[in-house]
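Reviewing the structure listed below.
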Amino acid sequence: MRDVKENLAFIQGQIAEACERSGRKPEDIHIVGVTKYVSVERAAEALEAGIRNLGENRDDGLISKWEVLKDKPLWHFIGTLQSRKVRNIIDKVEFIHSLDRLSLAKEIHKRASKRVKCFIQVNVSGEESKHGLQPENTVEFIQQLEPFENIEVVGLMTMAPYTDDEEALRTCFRRLRNLKEEVEGMKLRHAPCHELSMGMSNDFQIAIEEGATFIRIGSALVGE
Ligand SMILES: *Cc1c(COP(=O)(O)O)cnc(C)c1O
């Protein structure tokens with residue numbers, strides 16, 4: 001397996017290129033290192049290489065790494081979150097990328113001891129296998145979150161379709177950005193919605209060109 005450091009240098013080069021093409025600044029792009037497939041030692045290597053944000057998609061995976069690394073990284077929960085698992089992870093995470101239903105919002109609000117930064121997951125591609133709100137229901141859903149004071153809607157998140165069709169990916173990311181701008185324009189106190197969590201190992205350059213501020217990189221950074 002290659003050094004995380006080498007992988008990170010390569011990814012940073014690709015980020016710089018994508019920023020160059022789209023008139024953006026690399027410092028505005030946050031890399032979330034996704035460690036779900038790898039050991040805690042490998043996750044620690046990512047921290048040594050300079051990664052600050054780590055993402056896990058299961059409660060047990062997050063907890064076992066948290067027990068060793070504690071709050072050295074900022075933890076992101078990026079996967080489907082069952083309501084009954086919320087209390088296991090809530091005081092360990094800084095960000096949740098997968099808020100997509102009111103029952104989950106209620107549970108987060110109830111269990112959190114401080115405000116949690118949440119991304120609303122949107123199923124832009126419409127693929128049935130994917131979680132998330134339909135785009136047309138997203139604004140109303142966000143309005144309904146106002147009473148939950150422990151939730152701050154920092155942005156929107158999507159998983160692109162699994163394809164190498166560049167135009168399809170671009171369309172997906174662009175739709176999420178448009179939706180984000182719509183919510184942002186509403187200037188809701190509980191939902192500033194400035195961020196876009198989109199782009200993974202095989203499509204992050206396109207996501208950056210279309211406005212991503214958080215990219216979630218697993219295999220290209222730490223391996224599978
Ligand atoms: C696994 C995962 C990633 C990272 O995927 P890679 O293709 O390995 O970069 C990103 N986001 C979510 C929600 C994931 O589950």
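Heavy-atom basis, side chains included; hydrogens, waters and symmetry copies ignored. Note that the structure is a prediction, hence the values are computed from the model and not measured. One is the number of the first residue; the rest follow in order along the sequence. Indexing begins at 1, ligand by ligand and atom by atom, following the structure's order.
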Which segment of His97 sits under 4.0 Å of ligand 1 when only heavy atoms are counted: neither

Glu224 and ligand 1 - part of the residue with a heavy-atom distance under 4.0 Å: neither

Sidechain-backbone polar pair: Asp3 side chain, Lys5 backbone, donor-acceptor under 3.5 Å: no

Polar contact flag for Ser219 and ligand 1 (N/O pairs, less than 3.5 Å): yes

Atoms in ligand 1 with a heavy atom of Ile217 nearer than 4.0 Å: 9 (O)

Proximal atoms of ligand 1 relative to Met159 (non-hydrogen, under 4.0 Å): 12 (C), 13 (C)

Side-chain heavy-atom pair Ile208, Cys19 within 4.5 angstrom cut-off: yes

Distance to 0.1 Å, residue and atom name: give those for the protein heavy atom nearest to [atom].
atom	answer
atom 11 (N) of ligand 1	Arg216 NE, 2.8 Å
atom 12 (C) of ligand 1	Ile78 CD1, 3.5 Å
atom 3 (C) of ligand 1	Lys36 NZ, 3.8 Å
atom 6 (P) of ligand 1	Ser201 OG, 3.5 Å

Between the side chains of [X] and [Y], does any donor sit under 3.5 Å from an acceptor?
X	Y	value
Glu94	His76	no
Arg2	Asn7	yes
His30	Asn53	no

Smallest separation among heavy atoms of Gln121 and His97, with atom names: CB-O, 3.9 Å

Single hit among Val86, Val93, Asp100, Asn57 for side-chain contact (heavy atoms from CB on, under 4.5 Å) with Leu81: Val86

For atom 5 (O) of ligand 1, the option (of Gln121, His131, Met200, Arg58) bearing the nearest heavy atom: Met200

